[in-house]
Colleague: 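Okay, here's the structure, questions in a sec.
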There are 2 protein chains.
Amino acid sequence: MTAIKGARERARGEITAAIKDEARKQLAAEGAAKLSLRAVARELGMVSSALYRYFPSRDDLLTALILDAYNAVGQAAETALAAADARRGRRGGAAAATPAARWTAVCRAVREWALAHPHEYALIYGSPVPGYRAPETTAEPAGRVARALIEVVRDAYAAGALREPDDPLPDAVVGDMLTLVAEQGVELPAGVAARLVGAWAQLFGLVGFELFGQFNRVIEAREEFFEQAVLQLARSVGLPTPAR
Amino acid sequence: MTAIKGARERARGEITAAIKDEARKQLAAEGAAKLSLRAVARELGMVSSALYRYFPSRDDLLTALILDAYNAVGQAAETALAAADARRGRRGGAAAATPAARWTAVCRAVREWALAHPHEYALIYGSPVPGYRAPETTAEPAGRVARALIEVVRDAYAAGALREPDDPLPDAVVGDMLTLVAEQGVELPAGVAARLVGAWAQLFGLVGFELFGQFNRVIEAREEFFEQAVLQLARSVGLPTPAR
DNA sequence: ACGCGACGAGAGCACTGCTCTCGTTCGTGA
DNA sequence: TCACGAACGAGAGCAGTGCTCTCGTCGCGT
């Protein structure tokens with residue numbers, strides 16, 4: 001896919017990447033609010049107006065960073081899931097790790113990525129900074145973490161290892177869940193899907209609270225607490241968990 | 001407490017309030033990023049420098065708004081809890097409503113306040129906008145919602161209506177929970193406290209996801225979904241829930 | 001009644017996002 | 001091959017921002 005495009009197009013790609021890199025650096029250093037086009041340009045040795053050849057506005061730069069961030073967490077979640085399976089495979093067991101292990105692997109990856117990139121996490125899961133807009137292109141990368149979680153649950157369900165919840169579900173929610181599983185092309189009962197969506201949102205509640213300081217003076221053993229909470233989340237969607 | 005403080009001090013209070021009101025208006029209209037001291041001053045018919053007599057910096061204004069917002073959600077949660085009890089009392093039953101009803105009342109109040117004041121919610125539970133600082137004074141109001149939830153669980157526990165979780169808890173977490181319940185002066189097993197903290201964080205995960213658009217094209221029946229998820233949260237801390 | 005401190009106005013500094021213009025350079029179609 | 005248009009970088013400039021400093025004025029306690 002990296003065809004040899006004339007020097008111009010090539011340069012464009014490199015410069016675009018350099019701008020994003022520098023912007024990410026400033027983002028990590030000072031947060032989204034302090035990200036300044038002029039400062040980025042200055043650092044790159046160009047004048048601010050030149051930067052507008054690459055990004056039509058500051059918000060567009062931010063949007064690009066948001067997209068990259070979504071893909072980064074998604075990637076982290078996916079590779080963590082694959083790594084968990086690979087580890088298990090190497091140990092000689094089944095091809096895939098236990099559902100609980102896979103679930104925690106994904107959750108842990110999200111948390112660790114968030115701790116390593118707090119400002120980028122804030123960009124995507126904190127308050128929407130620009131003008132409340134979520135372009136269509138954002139939807140797909142934004143779902144990667146969710147899809148990793150879905151995969152874990154779907155596999156467990158297919159293996160008959162899922163304990164289905166017996167709670168009644170409001171009809172409207174059942175409808176939403178049916179269209180959701182249809183869209184995602186997975187076979188999952190509505191009740192499980194609803195628990196899954198809930199667990200998905202709650203996962204980011206846990207991570208966000210830790211990251212944004214709500215756990216200050218409340219919880220010190222953050223990692224242990226997270227681990228335990230995530231296991232409970234797994235249980236709530238019906239995944240079998242070890243040693244309760 | 002509203003002693004007659006001479007016209008000057010009186011004026012100071014009124015102007016401070018007017019500034020905060022106007023700032024809140026701009027916050028609601030455009031979000032924290034667009035909140036401008038100059039615009040606030042302009043709207044109030046004064047010059048920007050005059051505003052610095054009341055707030056030493058833009059961040060200080062924001063901090064004041066954050067504090068007010070924490071108190072507003074807290075207040076909403078508390079009155080919702082009291083209202084639930086009052087309703088139940090009027091109907092002739094016990095003095096307090098059922099634990100599940102009280103729990104959902106608090107959660108619902110948080111969600112409704114968030115939907116009514118999205119930008120203020122983002123200010124306190126979204127990314128920390130200013131310089132990552134959480135002044136000591138923030139801690140107390142920030143805990144009001146949590147304390148309302150604690151109250152629900154504590155009362156249920158005191159009434160013997162709580163089903164204690166039997167999961168093992170990491171020792172470090174147990175320690176955190178013991179100091180937490182000691183600080184809060186409530187009598188609660190560590191396991192319940194841990195579940196409670198988790199549920200607390202997860203509640204805001206649910207609300208945040210709905211508010212920040214992560215549920216777009218995923219869930220349409222937001223209210224029903226929330227209601228169901230919150231009930232499950234109640235169950236996870238051991239509260240008895242009706243009709244499962 | 002005096003004087004100190006709080007106050008509002010205004011000018012000004014350094015910075016921001018963004019626009020417009022103007023030469024230059026590159027790539028491509030004739 | 002070469003000429004023309006598109007892409008590009010530099011610079012000036014505009015409107016707006018947070019914040020500081022100075023300077024009259026007015027209110028209140030001594």
Side-chain angles (χ1 to χ4, degrees), chain A residues 3-20 22-27 29-66 119 123 128-133, chain B residues 3-20 22-27 29-66 119 123 128-133:
Chain A
I4 317 162
K5 310 281 217 167
R8 197 149 210 172
E9 214 155 320
R10 186 187 185 79
R12 183 166 235 289
E14 279 175 19
I15 295 182
T16 306
I19 291 174
K20 287 206 286 186
E22 179 58 34
R24 229 184 315 266
K25 210 169 359 173
Q26 293 200 13
L27 190 67
E30 294 275 16
K34 296 281 179 75
L35 200 172
S36 140
L37 278 193
R38 290 183 112 109
V40 170
R42 208 179 301 133
E43 209 67 24
L44 260 50
M46 32 170 143
V47 88
S48 73
S49 59
L51 216 143
Y52 283 83
R53 304 278 179 193
Y54 301 89
F55 295 93
S57 82
R58 197 193 102 116
D59 280 6
D60 287 86
L61 213 198
L62 273 184
T63 305
L65 294 184
I66 288 177
H119 284 112
L123 203 56
V129 199
Y132 252 140
R133 166 203 32 169
Chain B
I4 317 161
K5 294 286 225 172
R8 199 150 210 172
E9 214 153 322
R10 185 186 186 79
R12 182 166 236 288
E14 280 174 20
I15 295 183
T16 305
I19 293 174
K20 287 206 287 185
E22 179 57 35
R24 229 184 314 267
K25 210 171 357 176
Q26 293 199 13
L27 190 67
E30 294 274 17
K34 296 282 179 75
L35 200 172
S36 142
L37 277 192
R38 291 182 111 111
V40 170
R42 209 179 302 133
E43 210 67 23
L44 260 49
M46 34 171 142
V47 89
S48 74
S49 59
L51 216 144
Y52 284 82
R53 302 279 179 193
Y54 300 88
F55 295 93
S57 84
R58 196 192 102 116
D59 280 5
D60 287 86
L61 213 198
L62 272 185
T63 306
L65 293 184
I66 287 177
H119 284 111
L123 202 57
V129 200
Y132 252 139
R133 165 204 31 172

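Basis for what follows: all heavy atoms, side chains included, without hydrogens, waters or symmetry-related copies. Chain A is the first sequence line, chain B the second, and so forth, proteins listed ahead of strands; every chain is numbered from 1. Being a predicted model, the structure only gives us computed values, none of them experimental.
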Colleague: Under 4.0 Å, counting only non-hydrogen atoms across every strand here, what does B:Ser48 touch: a base, just sugar-phosphate, or nothing?
Modeller: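 Base contact - B:Ser48 has a heavy atom under 4.0 Å of at least one base atom.
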Colleague: NZ of A:Lys34 versus C1' of C:dA14: gap in Å, rounded?
Modeller: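 Rounded to the whole Å, the gap is 14 Å.
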Colleague: Decide side chain to side chain donor-acceptor pair (under 3.5 Å) for A:Thr63 and A:Asp60; before the verdict, give the C-alpha distance in whole Å, the side-chain angles of both, and the deciding distance to 0.1 Å.
Modeller: CA-CA 5 Å; A:Thr63 305; A:Asp60 287 86; 5.4 Å; no
Colleague: Rounded off to whole Å, could you give me the CZ-to-P distance for the A:Arg58 and C:dT19 pair?
Modeller: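 Answer to the nearest Å: 15 Å.
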Colleague: Of all heavy-atom pairs between A:Ser36 and A:Gln26, which one has the smallest distance, and what is that distance?
Modeller: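 So the minimum-distance heavy-atom pair works out to N-OE1, 3.7 Å.
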Colleague: Within less than 4.0 Å of OP1 or OP2 of C:dT19, is there a side-chain N or O belonging to A:Arg53?
Modeller: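 Checking C:dT19 against A:Arg53, no side-chain N or O comes under 4.0 Å of OP1 or OP2.
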Colleague: Just checking A:Leu61: base, sugar-phosphate only, or nothing, at a heavy-atom cut-off of under 4.0 Å?
Modeller: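 It contacts nothing in the nucleic acid.
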Colleague: Could you tell me the separation between the CG atom of B:Leu62 and the CG atom of B:Leu123, rounded to the nearest 0.5 Å?
Modeller: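 It comes to 6.0 Å.
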Colleague: Specify the separation, in whole Å, of atom CG of A:Leu44 and atom C1' of D:dC8.
Modeller: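 Computing the A:Leu44:CG to D:dC8:C1' distance gives 15 Å.
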Colleague: I need the CZ-P distance between A:Arg42 and C:dT16, as an integer number of Å.
Modeller: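 Distance, rounded to whole Å: 5 Å.
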Colleague: Is a donor-acceptor contact shorter than 3.5 angstrom present between the side chain of A:Ser49 and the base of D:dG11?
Modeller: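 Flag set: donor-acceptor pair detected.
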Colleague: With no angle test and no hydrogens, is the base of C:dG17 tied to the side chain of A:Arg38 by a donor-acceptor pair under 3.5 Å?
Modeller: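 Checked by distance alone, the answer is yes.
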Colleague: CG of A:Leu37 versus P of D:dG16: gap in Å, rounded?
Modeller: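 Rounded to whole Å, this separation is 19 Å.
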Colleague: Between C1' on D:dC19 and CG on B:Leu62, what's the gap in Å once rounded to a whole number?
Modeller: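 Rounded to whole Å, this separation is 15 Å.
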Colleague: Between B:Met46 and B:Ile15, is there a side-chain heavy-atom distance shorter than 4.5 Å?
Modeller: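 With C-beta onward as the side chain, the pair touches.
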Colleague: Nearest to the side chain of A:Ser57 - C:dG10, D:dG18, C:dC18?
Modeller: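 Of all the options, the side chain of A:Ser57 is nearest to C:dC18.
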Colleague: Hey, is the main chain of A:Leu35 close enough, under 3.5 Å, to the side chain of A:Arg58 for a donor-acceptor pair?
Modeller: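 Yes; at least one donor-acceptor contact below 3.5 Å.
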Colleague: Can you figure out which of D:dA10, C:dG8, C:dC18 approaches the side chain of B:Ala50 most closely?
Modeller: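 For B:Ala50, the side-chain atoms sit closest to C:dG8.
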Colleague: Looking only at side-chain N and O atoms, does B:Ser36 come under 4.0 Å of OP1 or OP2 in D:dG18?
Modeller: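 So the side chain of B:Ser36 is within the cut-off, an N or O lying under 4.0 Å from OP1 or OP2 of D:dG18.
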Colleague: Starting from P on C:dT19, measure out to CZ on A:Phe55 and report it in whole angstrom.
Modeller: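 Whole-Å distance recorded here is 16 Å.
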Colleague: Phosphate oxygens OP1/OP2 of C:dC26: is one of them under 4.0 Å from a side-chain N or O of A:Arg12?
Modeller: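 Checking A:Arg12 against C:dC26: no side-chain N or O falls below 4.0 Å of OP1 or OP2.
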Colleague: Choosing from D:dC19, D:dT17, D:dG11, which nucleotide comes nearest the side chain of B:Tyr52?
Modeller: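 The listed nucleotide nearest to B:Tyr52's side chain is D:dC19.
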Colleague: For the pair made of CD in B:Glu14 and C1' in C:dC7, what is the distance, rounded to whole Å?
Modeller: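 Answer to the nearest Å: 16 Å.
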Colleague: Looking at every strand, decide which applies to B:Leu35 at a 4.0 Å heavy-atom threshold: base, sugar-phosphate, or nothing.
Modeller: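 Counting heavy atoms under 4.0 Å across all strands, the contact made by B:Leu35 is with sugar-phosphate only.
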Colleague: Heavy atoms under 4.0 Å, any strand shown: does B:Leu51 hit a base, just sugar-phosphate, or nothing?
Modeller: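 Contact class for B:Leu51: none.
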Colleague: For C:dG8 and B:Tyr54 - does any side-chain N or O of the residue sit under 4.0 Å from the phosphate oxygens OP1/OP2?
Modeller: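 Answer yes for this pair, as a side-chain N or O of B:Tyr54 is under 4.0 Å from OP1 or OP2.
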